[in-house]
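Read through the structure below, which is laid out as structure tokens, and then see the notes.
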Amino acid sequence: MEIALGVAFGAIVVASLWAASRFIASPGTVLSEEGRAMRAALHAATATLPHLRRGLSPATAAQAVPHLRALTQSTALALADREALLALDGSGAVRSLAGDPIGVLFDEGPDDRVHVDPRMEMPELHLGGAVVAPLIVRERRVGSLAAFYARGRRIRPEDTRVVGDAASLVAAQLELAAVQEQEERLAEAELRALRAQISPHFIYNALAAVASYIHTRPDEARELLTDFAEFTRYAFRRERPYVTLADELHYVEKYLNLERARFGDRLQVRLAVAPEILPAVVPVLSLQPLVENAVRHGIEDASSDGVLIEIVGQDLGTDALVRVRDDGVGMSPAAARAALAGRSGGVGLQNVHRRLESSFGAGYGLAIESAEGEGTEVRLTVPKSHPGVRAA
């Protein structure tokens, strides 16, 4: 899935650059004296078209159509989905048609090519024919871009080419929106899968630990029950896809309180995190699965009397690094690779890695270093700030 998304993303970016270059590289004779205005309009459009990265809607179309009209040098311009005119730019009478069916202004035409629609049945709009281009996203038509010209003006081959290029630029932005939406759905599905994997394992053991304290140490049992309630609310609260590292560490400590109740002195923890990285944003449940993995493989799978788990956070300038290390039984390099690839049946390492990559891009995520008999270290690297990623 990651490879497919990467290939799709690369192809879309190439298409965007190609469409833009068609405008920039157009010889001056194509649009004669309008060439300089076209280049200035392209600069404005490239700043506005990212609105379409949110998808095709009346709101995003309304922000894009003035700049697209400047690009095409048309008298009026419309963006439509398969049924209705989403937004128009031109005279006031033209703009008032937003929300009307497509057919009041133009014929949709074939899905595979640009066509000229000479029909204009509303002379009060003072428009002549239109050039209509399909918006193709993932080999499926999602709408149309239609450029209208003044009555009596002959539509030239150059007009159809420029309108086709503008439609390609719009379609490329819409395809990026579709890819981003797919990635967000994938990240949400992976978070749900992680929650489903953690909940039975963690809940059973945590409640067993609380139960063991009820009669002999009731005050501590109440504190543990509070920690359990707060952690589960945090882990399963759906409206928080991203949190600060400080928040994640706060709830990791509550998780560790419950694990200490289970293992007593067998579980030792050392926490040392640079304060400069605490505001860094991470997907919720990024660090806790690493700590849970260290507990499971450091104590549950070990023959030793105890384990030391170290959580160390370092400031790397633009990035933040958090290392989770245990001195348990360790694993072979092949087993470490299998754990990160999700082939070991462990708790969420691949899940966390995929969500980090999806949020921040290649170069961020997890790395595992381990050797049999020497413990395991999992390194989590994230940017200290990233556009579009904010803690809830």
Side-chain angles (χ1 to χ4, degrees), residues 191-192 194-240 243-275 277-278 282-313 322-331 345-349 351-352 375-378 380 391-392:
L191 179 55
R192 287 198 301 269
L194 180 59
R195 284 166 169 158
Q197 187 176 8
I198 288 175
S199 58
H201 175 83
F202 170 74
I203 290 173
Y204 174 83
N205 290 324
L207 291 177
V210 173
S212 70
Y213 277 53
I214 287 176
H215 297 295
T216 57
R217 298 151 77 175
D219 290 340
E220 291 184 39
R222 280 193 293 271
E223 291 178 7
L224 289 172
L225 199 55
T226 299
D227 287 339
F228 172 76
E230 291 186 10
F231 177 79
T232 52
R233 277 198 297 269
Y234 168 77
F236 297 100
R237 190 158 45 190
R238 296 183 181 277
E239 69 273 14
R240 298 187 69 181
V243 295
T244 64
L245 184 58
D247 275 343
E248 183 81 357
L249 283 166
H250 176 70
Y251 288 98
V252 162
E253 289 190 87
K254 293 186 178 299
Y255 163 78
L256 285 170
N257 288 341
L258 291 158
E259 294 293 55
R260 287 192 190 97
R262 290 178 62 201
F263 298 112
D265 293 339
R266 292 181 61 205
L267 174 59
Q268 300 295 320
V269 178
R270 185 175 78 87
L271 182 66
V273 177
I277 69 171
L278 293 176
V282 297
V284 67
L285 292 178
S286 292
L287 190 58
Q288 186 274 339
L290 313 188
V291 176
E292 181 172 353
N293 232 46
V295 172
R296 290 184 65 195
H297 296 290
I299 292 184
E300 293 181 353
D301 299 342
S303 57
S304 64
D305 293 332
V307 66
L308 169 65
I309 295 177
E310 297 178 289
I311 304 172
V312 179
V322 180
R323 295 183 290 117
V324 178
R325 175 175 173 78
D326 68 75
D327 60 355
V329 295
M331 66 184 86
V347 179
L349 292 184
N351 184 299
V352 172
T376 300
E377 179 177 281
V378 181
L380 179 153

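All residue numbers refer to positions in the sequence shown, counting from 1. All values derive from a computational prediction rather than experimental measurement.
Here the side chains of Glu253 and Leu271 are in contact, with some heavy-atom distance below 4.5 Å. Residues Phe228 and Lys254 are not in side-chain contact: their nearest non-hydrogen atoms beyond the backbone lie 4.5 Å or more apart. Side-chain contact between Asp247 and Leu249 is absent, with no heavy atoms from C-beta onward closer than 4.5 Å. The side-chain heavy atoms of Val312 and Arg270, taken from C-beta on, include a pair separated by under 4.5 Å. With a 4.5 Å cut-off on side-chain heavy atoms, Leu245 and Ile277 count as touching.
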Practice item. Could you walk me through whether Leu278 and Thr244 pass side chain to side chain contact (heavy atoms under 4.5 Å, CB included), step by step? Key: CA-CA 7 Å; Leu278 293 176; Thr244 64; over 6 Å; no
Exercise for review: Take Val322 and Leu287, measure what side chain to side chain contact (heavy atoms under 4.5 Å, CB included) needs, and give me the verdict at the end.
Suggested key: CA-CA 9 Å; Val322 180; Leu287 190 58; 3.7 Å; yes
Review point. Where do Val269 and Arg260 land on the side chain to side chain contact (heavy atoms under 4.5 Å, CB included) test, with the steps shown first?
Key: CA-CA 9 Å; Val269 178; Arg260 287 192 190 97; 3.5 Å; yes
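Annotation: the span from Glu220 atom CD to Leu225 atom CG amounts to 13.5 Å, rounded to 0.5 Å. Separating the CD atom in Gln288 from the CG atom in Leu256 is a distance of 8.5 Å, to the nearest 0.5 Å. Interatomic distance, Arg262 CZ to Tyr213 OH, rounded to the nearest 0.5 Å: 11.5 Å. To the nearest 0.5 Å, atom CG of residue Asn293 and atom OG1 of residue Thr376 are 8.5 Å apart. Rounding to the nearest 0.5 Å gives a distance of 7.0 Å between CD of Glu310 and CZ of Arg325. Summarising the geometry, atom CG belonging to Leu267 is positioned 9.0 Å from atom CG belonging to Leu308; distances are rounded to the nearest 0.5 Å.
Val324 and Ala294 make their closest contact through CG1-CB, 4.2 Å (heavy atoms, listed as atom of the first residue, atom of the second, distance). Considering all non-hydrogen atoms of both residues, Glu230 and Tyr251 come closest at O-CE2, 3.5 Å. In plain terms, the two heavy atoms of Asp326 and Gly328 that are nearest each other are OD1-N, 2.9 Å. Of all non-hydrogen atoms in Leu224 and Ala261, the two that sit nearest each other are CD1-CB, 3.5 Å. When every heavy atom of Val352 is checked against every heavy atom of Pro289, the shortest pair comes out as CG2-CG, 3.9 Å. For the pair Ser286 and Leu290, the tightest heavy-atom approach, listed with the atom from each and the gap, is O-CG, 3.5 Å.
Listed for the Glu248 side chain is a donor-acceptor partner under 3.5 Å among the backbone atoms of Leu285.
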